[in-house]
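A, B, ... follow the sequence lines: proteins, then strands. Residue 1 opens every chain.
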There are 2 protein chains.
Amino acid sequence: MSLTAKGLATRARIVEGAADYLRGTDDGEITLDDVRALTGTSKGQLFHYFPDGKDELLLAVVRLEADRVLDDQQPYLGDLTTWASWERWRDAVVARYRAQGTRCPLNALMGQVGGVPGAADVARTLVGRWQGHLADGIRAMQATGDVRADLSPERTAAALVAGIQGGVLLLRTTGETAHLEAALDVLLDHLRAS
Amino acid sequence: MSLTAKGLATRARIVEGAADYLRGTDDGEITLDDVRALTGTSKGQLFHYFPDGKDELLLAVVRLEADRVLDDQQPYLGDLTTWASWERWRDAVVARYRAQGTRCPLNALMGQVGGVPGAADVARTLVGRWQGHLADGIRAMQATGDVRADLSPERTAAALVAGIQGGVLLLRTTGETAHLEAALDVLLDHLRAS
DNA sequence: ATGAAAATGGACTCTCAAGTCCAGAACTGC
DNA sequence: GCAGTTCTGGACTTGAGAGTCCATTTTCAT
């Protein structure tokens, strides 16, 4: 099955339509009929472009959203070499999730659509890259003497990722960004104070 | 509908059976037929004890597990007055979740069975109490001069809760306790260094 | 003991949603 | 323009699982 330009467009429309819908839902549930209605397509098309059915479609959505996660934190995430950059990154993260309210595409997808085979791998890759960027930033700050040298970049970066994930999870259940901000601020304080 | 001793026992058997099953599953899915098979009951009984059906049953499970979360951290969580106690608490948390492997009753329930009405309230209460215990511990340490007085107990406690939640979430997707331990250790370092 | 209330078993219905199938339309390359 | 391929539409099948219903059994209170 090779795809023509028209086919590619339709396929993309399906994935993006599903992603949009999932971004606006709390429970992370979606049916193929929802997708059909949303994207003006038919069952035949759905299974034409995603022969393995719903799982394959959802995996495509997960990949799309996973890419967005890091993109939304750029350009700061890729250049955490000054405190100002760290601050802007922190604000970007909070803003991104605050805008999303109680919904979170990825967190929701991993949790509720966690049954999708392959989704865990996407998540692992994402976490690894995220943590890598943060660790790079910490190392950069250590190089300039802004952060104590005896602090483990990887471990601290891991704590940051965990704090953000937990903060978002709590945002989803409480509707408040308090935990997310607390986690970010306390950990940034830790970097500064060191 | 009042319950006799026998009825109460059956009801409890149903809830605990469902909880046990959910604790041993990755996706957090369960059907009423699963519950039936697991607990040796009939459809009639299920709806006799839980007239509102599956949601009511799952809410009972959520409440049961929520209680366990804090219980498992005792007696340390209630008496965080020395560094030794903090250490033991930290170890208890890691041990608890390591034992659970990639499954986590509450985290899974909140995520996947998040659609259960009322579950969010249970989660909020749990988080509040958890954070309260931690904040109390931090205040106690401040009183003895072990922790700097200008550190916000609530905010630091919030960061801890977020870090744990995120750590557990990542444990569920990666199978490693690395993030959980990193979050706990870095934040405890922060308390100590202050 | 006996009538009422509670407990139990299981067959049945109903709905929802995934996935199948195939016929016809549109496009592609030559 | 024509043969092959891709794209589209929608009716249909299938399965799972929640919830209903009622007959039967057990327990409780007096």
Side-chain angles (χ1 to χ4, degrees), chain A residues 1-19 21-22 24-62 108-109 112-119, chain B residues 1-19 21-22 24-62 108-109 112-119:
Chain A
M1 179 194 70
S2 58
L3 297 185
T4 67
K6 187 182 180 189
L8 274 166
T10 302
R11 200 195 123 104
R13 200 172 79 244
I14 292 171
V15 176
E16 276 156 26
Y21 178 87
L22 281 166
T25 193
D26 279 334
D27 54 5
E29 305 280 340
I30 194 172
T31 70
L32 292 186
D33 280 329
D34 291 334
V35 178
R36 248 188 357 85
L38 248 46
T39 60
T41 48
S42 64
K43 267 297 182 52
Q45 285 167 291
L46 260 36
F47 283 86
H48 180 68
Y49 295 108
F50 305 94
D52 288 342
K54 198 183 178 185
D55 280 351
E56 190 181 353
L57 166 56
L58 287 179
L59 186 55
V61 173
V62 168
L109 282 172
Q112 280 118 56
V113 192
V116 180
Chain B
M1 178 195 72
S2 59
L3 296 186
T4 68
K6 187 182 180 189
L8 274 164
T10 303
R11 201 195 123 105
R13 199 172 81 243
I14 293 171
V15 176
E16 276 156 26
Y21 178 88
L22 281 166
T25 192
D26 280 334
D27 52 6
E29 306 281 338
I30 193 171
T31 70
L32 291 185
D33 280 331
D34 291 334
V35 179
R36 250 189 356 85
L38 248 44
T39 60
T41 48
S42 65
K43 267 294 180 57
Q45 285 168 290
L46 261 37
F47 282 86
H48 180 67
Y49 295 108
F50 304 94
D52 287 343
K54 199 182 178 185
D55 280 351
E56 191 182 352
L57 166 56
L58 288 179
L59 186 55
V61 173
V62 168
L109 282 173
Q112 280 116 55
V113 192
V116 180

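- What you find for A:Phe47 and A:Gly53 is that their closest heavy atoms are CE2-CA, 3.6 Å.
- Between the C1' atom of C:dA18 and the CG atom of A:Leu58 lies a distance of 12 Å, rounded to the nearest Å.
- To the nearest angstrom, P of C:dT8 lies 14 Å from CZ of B:Arg36.
- Judged purely by atom type and a 3.5 angstrom limit, A:Lys43 has no side-chain atom pairing as donor or acceptor with the backbone of A:Arg36.
- Interatomic distance, A:Ile30 CD1 to A:Leu57 CG, rounded to the nearest 0.5 Å: 7.0 Å.
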Between the protein and nucleotides 28-30 of chain D, list the N/O to N/O atom pairs that are separated by less than 3.5 angstrom.
none

When you check every protein heavy atom under 4.0 Å of nucleotides 12-22 of chain D, what one-letter string (B, S, -) results, 5' to 3'? -----SBBB--
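- A straight line from CZ of B:Arg13 to C1' of C:dA7 spans 11 Å, rounded to a whole angstrom.
- Scanning both residues, A:Leu59 and A:Gly118, for their nearest heavy atoms gives CD1-C, 3.7 Å.
- Regarding B:Leu46, its CG atom lies at a distance of 14 Å from the P atom of C:dA7, rounded to whole Å.
- Here the straight-line distance linking atom CG of A:Asp52 with atom CG of A:Leu58 works out to 12.5 Å at 0.5 Å rounding.
- We find the OG1-NE2 distance between B:Thr10 and B:His48 to be 9.0 Å, quoted to the nearest 0.5 Å.
- Within the structure, every side-chain polar atom (N or O) of A:Tyr49 is placed at least 4.0 Å from both OP1 and OP2 of D:dT6.
- Between the CZ atom in A:Arg11 and the OG1 atom in A:Thr39 there is a gap of 13.0 Å [rounded to 0.5 Å].
- Scanning both residues, A:Val35 and A:Ala18, for their nearest heavy atoms gives CG2-CB, 4.3 Å.
- A close approach under 4.0 Å does not occur between any side-chain nitrogen or oxygen of A:Thr41 and OP1 or OP2 of D:dT8.
- The interatomic distance linking A:Phe50 (CZ) with C:dT20 (P) rounds to 15 Å, in whole Å.
- Protein atom NE2 of B:His48 is 12 Å distant from nucleotide atom C1' of D:dT26, rounded to whole Å.
- Within the structure, a side-chain polar atom (N or O) of B:Gln45 is placed less than 4.0 Å from OP1 or OP2 of C:dT8.
- In this entry the distance linking CD of A:Glu29 with P of C:dC16 reads 15 Å, nearest Å.
- Between the P atom of D:dT8 and the CZ atom of A:Arg11 lies a distance of 13 Å, rounded to the nearest Å.
- Between B:Thr41 and B:Tyr49 there is no side-chain heavy-atom pair separated by less than 4.5 Å.
- For A:Ser2, counting side-chain heavy atoms from C-beta on, the closest listed nucleotide (D:dT6, C:dT8, D:dG9) is D:dT6.
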